[in-house]
There are 2 protein chains.
Amino acid sequence: MAITMADVAKRAGVSKSTVSQYLNKRYEYMSQETRVKVEAAIKDLGYQPNHIARSLKQKRTSMVGIIVANIMHRYSTEVCRSLEDYFNDHDMNAIICNADNDPEKERKYIEMLRAKQVDGLIIFPTGQNVELYQNMLKNGYPVVFMDRKVKEIMAPSVVVNNKEATMRAVEHLIEMGHKKIAIATESLTISTRLERRQGYMDALKENNVPILEEYMISTEINSMGSELENLFSLQEPPTALVAANDLVFLEVLKFAKASRIKIGEQLGLIVFDNIPFADLVSPSVTTISQPSQEMGLKAAELLLKQINKEEVNPVDTVFSCELYLRESTKRSIE
Amino acid sequence: MAITMADVAKRAGVSKSTVSQYLNKRYEYMSQETRVKVEAAIKDLGYQPNHIARSLKQKRTSMVGIIVANIMHRYSTEVCRSLEDYFNDHDMNAIICNADNDPEKERKYIEMLRAKQVDGLIIFPTGQNVELYQNMLKNGYPVVFMDRKVKEIMAPSVVVNNKEATMRAVEHLIEMGHKKIAIATESLTISTRLERRQGYMDALKENNVPILEEYMISTEINSMGSELENLFSLQEPPTALVAANDLVFLEVLKFAKASRIKIGEQLGLIVFDNIPFADLVSPSVTTISQPSQEMGLKAAELLLKQINKEEVNPVDTVFSCELYLRESTKRSIE
DNA sequence: TTGTACGCGTTATCAC
DNA sequence: GTGATAACGCGTACAA
C-alpha cells in the first residue's frame, strides 16, 4: 500500500539502513553519490516516513494529551491555543479531549491517551481520580495539572491565586459601598470554585461585613437561573454579585435581562474569567482575568522538561490574576 | 520498562497469541481456565495494551486530524467541540491543529498528521495547497473540507450558504431603510469571505442600491481599525455595516467605542458569525449564525464513512445560516 | 561507507 | 484450544 523505506532502498539500489541514515541526517556515513540517489528515490516515490513505526521503536510519540474540563470555557480555549502553539514549535502534537468535569470520562481519557503512548499529559483535573493520578506520578510519567489543584497530590501544577484575586475584587465592591454582596458558583466540587468562594468570605470577614448563606449560591448551570431568581427575591436582595466563571456570567446576563435588572446601575457585577468582549459591551464588565497564554506556556514547559527527563519540582506555579475595573462596578453605594 | 503482552503470557503460563486472543475477546478459542489465568495476570501486572504497536499492525490509529484555521474563532471552537464529541463516542481521538490561515503551516500539518498515520483529516482549508489536496483525494485518503470551499477541488465539504445568508441580511438592512451599507471582511483570500461579499453586492444590485467600492473594506485585522476610520471619515459615512466575522466584529466594537458611535442608534450592525453573548449585551447584536454543532456532526460522519470504506460523494453539504434580528439593527432609516 | 540481522509490541496464520 | 512464527515499518549495533 503505502511506500516504505524498503521501497526507497530498492529504488535507490541501497539498503534500508542507508535510507534510514539519510533520513536521520547522518550524512557522514554516506557518499555524496548515494545521498543524491536516496534523495531522488524519496522524491520519486513520494515517500513519507511512518511515525508510528518510529514511535514503536523509539518509545516516543511526540504527542501529548490535553484533558480539558470543557473547551467551551474561553479560558480553556485560550490555554489550549497557547499549548498547541508551544508544542507545535517543538515538533509535537497535542490531542485535546473534553472531560466535561466527569471523573469517569477523565479516567477513560487518561487510560486511552496512555495506551496511545502519548509522551505526557496536561490535565485540568476533576480531582476525583486520585489513585490514578498518584499512579502516574509514582511511575514518573510526565504530568502537569492545570487550573485546579488536587489536595492529596504533590504534582507540578499551574494555577492562579483564586482566593486572593477574589478577595481583592470583593474588597473593591466593599470600597464602593456595597454591603449586600452575593457570589454565584457552580457546584463546589472543584478547588477553584472553593477558593473563589473562600476569598469572597475572607474579604467580607476582614471588612466586618456579615456573611449570609443565602448570598452564596452554588449549583449546576441548568438551575442557576432559578437560584438567581430566589436570590433576587430575598427581602434584601444583593446590590452586587460575583459570577465565578464565564458560564455563570452568561446565566446572570440572561437573568438580568429577563428581570430588567440594569447591570452597573442596580447591580454591581464582577466576573471571574476571561471574557472576550468584556471591555467593549455596554456596560463594560469588570473582570478578574487569568493569564491564560503565560499559563499555557509554563505548563507546556513543565511537561516538556519532564519528557526530557529533567527534574521538575512537584509544586504549584501560581500566577496572579488581573482585576480590570469597568463600568459594571462603577456605581458606588452610599 | 512497561509491561508487554509477553510479560502477561509468561505470568499466566500461556503464549502471547493466547493473550492476544483474550484481549480481542475471541473467547471461543479458549478454555474457561486459561481465560481466568490471563485475566488474573493482566490485573496483577496492571497491563495496558500498546495502541502504537497495534496501529502498526492494523494500519489504523483511531486518530483523526483536524486542521482548523484558528481555534480562537468561536465558530471553530464550537465545531471542534462537536467533532471531538462525535469521535470520542466512536472511540477515536482528534488531534487539533491551528494553521492560522498560513498555507505553509497547513502543508506542514497535513504532512505531519499523515506521517502520524491518522485515519483521516478534517480541514478548514487555506485553499492554497491544491496539489496536496488533490494528491490525498486521488489516493482515496479520507478527507472532509470544512467551512471553506476549494474551487479546483471535488471533495466532500461541509459549508454554509454564505452568499444567500448575507444577501438576506443586507436585504433586511435595506428594508429598514438603509442605503449606505458597508461591509468589512478580512483579506479576500478565502471562499467564505468572497461569498459573503458577493452576497452583499447581489443584495444591493437586486435592490438598485449603488455599489460603492469605498464601502467595501477588506484588510488584515491589524489594520482594520484604520480602515474603519477611513470608512467613517467619508463624506457620506455608512449608516449600516456588515462585519464578516467575529474578529472583524471585535474591531468594529473597538472602533465604535473609541469614536463614540452608538451601535443600533447611529449605526446598524450585523455580524456574520456565532457570538456567545450576542443576545445578552446592550444593544443586542443581530447575527448570522452558523449551525456549528450540526456541521461538525455531519463532517465527522462523512469522514468516518470514508474511513470505513463507504462511498462518499465529493459534493458540498450546504447548511443554512440563521439570521437573528436584534437591537443592533432595530432602528429604521426614513 | 554500506549491508545484515534483530528488536519494538502487536496481530494473523497456521500447525499441532 | 493453544502456540510458534512471520509480518508491520523503522532504528541501530555490528559486521563487512
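This is a predicted model, so every value here is computed, not measured. Every chain is numbered from 1 and lettered A, B, ... according to where its sequence line falls, protein lines coming before strand lines.
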Are B:Ser15 and D:dG3 close enough that a side-chain N or O sits under 4.0 Å from OP1 or OP2? yes
How about A:Glu33: does its CD atom have over 12 heavy atoms from other parts shown lying under 6.0 Å from it? no
Select base, sugar-phosphate, or nothing to describe what B:Val14 touches, counting heavy atoms under 4.0 Å on all strands. sugar-phosphate
B:Asp7 CG to C:dG9 C1', straight-line distance once rounded to whole Å: 10 Å
Does a side-chain N-to-carboxylate-O contact under 4.0 Å join B:Arg74 and B:Glu78? yes
Return the value, rounded to whole Å, for the distance between atom CG of A:Asn50 and atom P of D:dA7. 18 Å
Using only modelled atom types and a 3.5 angstrom limit, is any donor from either the side chain of B:Ser17 or the base of D:dA4 paired with an acceptor on the other? yes
To the side chain of A:Lys59, which of C:dG9, C:dT1, D:dC10 is closest? C:dG9
Would you tell me whether A:Ser17 and A:Ser20 have side-chain atoms, one donor and one acceptor, within less than 3.5 Å of each other? no
Can you tell me the distance, in whole Å, between the CD atom of A:Gln58 and the P atom of D:dG9? 17 Å
Rounded distance (Å) that lies between atom C1' of D:dG11 and atom CG of A:Asn24: 7 Å
How close or far is atom C1' of D:dC8 from atom CG of B:Leu56, stated in whole angstroms? 4 Å
5′-ward residue of the pair B:Ala6/A:Glu33 relative to DNA chain C: A:Glu33
A:Thr18 side-chain N/O to C:dG3 phosphate OP1/OP2 under 4.0 Å: yes
Find the distance B:Gln117:CD to D:dC10:C1' and express it as a whole number of Å. 11 Å
CE of B:Met5 versus P of D:dG3: gap in Å, rounded? 12 Å
Just call it for A:Thr34: base, sugar-phosphate, or nothing, with non-hydrogen atoms closer than 4.0 Å on any strand. sugar-phosphate
Among A:Arg148, A:Glu186, A:Gln128, A:Glu106, find the one that has a side-chain hydrogen bond (donor to acceptor under 3.5 Å, both in side chains) with A:Asn101. A:Arg148
Contact class for B:Tyr22 vs. all strands (heavy atom < 4.0 Å): base, sugar-phosphate, or nothing? nothing
So, are B:Glu301 and B:Lys305 salt-bridged, with charged N and O less than 4.0 Å apart? no
Between D:dT5 atom P and B:Lys16 atom NZ, what is the distance in whole Å? 11 Å
For A:Tyr27, answer base if it contacts any base atom (sugar-phosphate contacts may also be present), sugar-phosphate if it contacts only those atoms, and nothing otherwise; contact means non-hydrogen atoms under 4.0 Å. nothing
Using a 4.0 Å heavy-atom cut-off across all strands, classify A:Ser20 as base, sugar-phosphate, or nothing. base
Under 4.0 Å from OP1 or OP2 of D:dC8: is there any side-chain N or O of B:Ser55 that close? no
Is there a donor and acceptor pair closer than 3.5 Å between the side chain of A:Lys57 and the base of D:dT12? no
